[in-house]
Amino acid sequence: GNSVTQMEGPVTLSEEAFLTINCTYTATGYPSLFWYVQYPGEGLQLLLKATKADDKGSNKGFEATYRKETTSFHLEKGSVQVSDSAVYFCALSDGSGNQFYFGTGTSLTVIP
Amino acid sequence: DAGVTQSPTHLIKTRGQHVTLRCSPISGHKSVSWYQQVLGQGPQFIFQYYEKEERGRGNFPDRFSARQFPNYSSELNVNALLLGDSALYLCASSLGSTGGEQYFGPGTRLTVT
């Protein structure tokens, strides 16, 4: 079946540190992959996505590359800011696009 | 433009009761999906509706049902509530039916006592 496994948190980093949040997936067919972010007190927002192998999604300095050979979609940012403090969710939609699967979320806190 | 709206914001029900949650998608969006998010976990997919037809169903019991109306708004119904149904219920809308960007509403917090 389809599933997403995300690195457990919480993660605490100093401002300007490098961020990696690991995400691996199991899927049949050709899934699309997503990172969603939930800022404190707000709803889920799409951060970035990739729809096929080797695609790189990017937004707001965050990047993730769809790696079919390692079934991974790790989120990275070169220099985090306090405003990046949030919960990050990795997700996939299956080949039909009609079912979505989320990871358990990784809480990130960035301290000045 | 208004985003996805959900009502009510909070709800308290007793075991065995029935509940109806409502969602209005972004104008022009024809697809609505429902998710259950238990505290500390990621959203779990319940249903997707597109053009008033069910297009996807997650691993939830038959106590959960939904429908989509001609104006693309949607209702999620849960019968015979259990304590374990306590969660945040999220609605998301998208333009099409296949893996496009989803826009999430703020959710309805359901507490079953």
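All values reported here derive from a predicted model rather than from experimental measurement. Note on naming: letters A, B, ... go to the chains in the order of the sequence lines (proteins, then strands), and numbering restarts at 1 for each one.
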Is it true that, when you exclude [X] itself, more than 12 heavy atoms of the residues, nucleotides or ligands shown sit nearer than 6.0 Å to its [atom1]?
{"X": "B/Leu39", "atom1": "CG", "value": "no"}
{"X": "B/Arg63", "atom1": "CZ", "value": "yes"}
{"X": "A/Lys52", "atom1": "NZ", "value": "no"}
{"X": "B/Ile12", "atom1": "CD1", "value": "no"}
{"X": "B/Asp62", "atom1": "CG", "value": "no"}

- prompt: Closest heavy-atom contact between A/Phe89 and B/Gln37?
  reply: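 Here A/Phe89 and B/Gln37 meet closest at CZ-NE2, 3.5 Å.
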message: If I compare all heavy atoms of A/Phe100 with all of B/Gln102, which pair ends up nearest, and what's the gap?
response: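 Heavy atoms only, the tightest pair is CE1-NE2, 3.4 Å.
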query: By a 4.5 Å heavy-atom criterion (distance strictly below it), what part of B/Leu88 contacts chain A: side chain, backbone, both, or neither?
result: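 Neither part, no heavy atoms under 4.5 Å.
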field: Sequence-distant partners of B/Thr14, side-chain contact (heavy atoms from CB on, under 4.5 Å), two or more places apart
entry: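 Once residues adjacent in sequence are excluded, the partners of B/Thr14 under the side-chain contact (heavy atoms from CB on, under 4.5 Å) criterion are B/Gln17, B/Thr113.
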field: Structural part of A/Gln38 lying under 4.5 Å from a heavy atom of chain B
entry: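 Side chain only.
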task: Rounded to the nearest 0.5 Å, what's the gap from OH on A/Tyr101 to CD on B/Gln44? Could you check?
output: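 Between atom OH of A/Tyr101 and atom CD of B/Gln44 there are 10.0 Å.
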field: Straight-line distance of A/Leu44 CG to B/Tyr103 OH, nearest 0.5 Å
entry: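 Interatomic distance, A/Leu44 CG to B/Tyr103 OH, rounded to 0.5 Å: 14.0 Å.
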Check: A/Phe102 ring centre within less than 6.0 Å of B/Phe45 ring centre: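 No: the rings miss the under 6.0 Å criterion.
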